Novice: 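Dropping the structure in here first, questions after.
The structure presented is a predicted model; accordingly, all values stated were derived computationally and were not measured. The first residue in the sequence is number 1, and the count goes up from there.
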Amino acid sequence: MNLTVAVKQKNEQLQLQGAELQRQLHARLTAPTFSAFFITFGVAPLLTGVVAGTIFAPKDSLSHKLCRAAFPGLRLWPFS
């Protein structure tokens, strides 16, 4: 009799885990995808432009000075 009680408890536990996994999967699939879209088409081109501007701009230009002021960490990179 102990074995049947243990099997029933394990079965209930697995059913609860399955229901929780289904709930999490549904929440993940219905989540808005705006963040990935924003990163891909908003942040990435902006950062690419800033890096390209600091690399290819003349050293005495205003854009180079503004990038240096906005992103002081770029001074540590070997190409800037």
Novice: Using distance alone, with no hydrogens and no angle criterion, decide if Gln24 and Glu20 have a side-chain donor and acceptor under 3.5 Å apart.
Specialist: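 Checked: Gln24/Glu20 side chains pair up, N/O donor to acceptor below 3.5 Å.
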Novice: Mind checking the NZ-CD spacing from Lys10 to Gln15? Nearest 0.5 Å is all I need.
Specialist: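 Reported to 0.5 Å precision, the distance equals 12.5 Å.
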Novice: Between atom CZ of Arg28 and atom CG of Leu21, what is the distance when rounded to the nearest 0.5 Å?
Specialist: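 One gets 14.0 Å once the value is rounded to the nearest 0.5 Å.
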Novice: Which distance, rounded to the nearest 0.5 Å, do you find between the CG of Leu25 and the CD of Gln22?
Specialist: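 Atom-to-atom, Leu25:CG and Gln22:CD are 6.0 Å apart.
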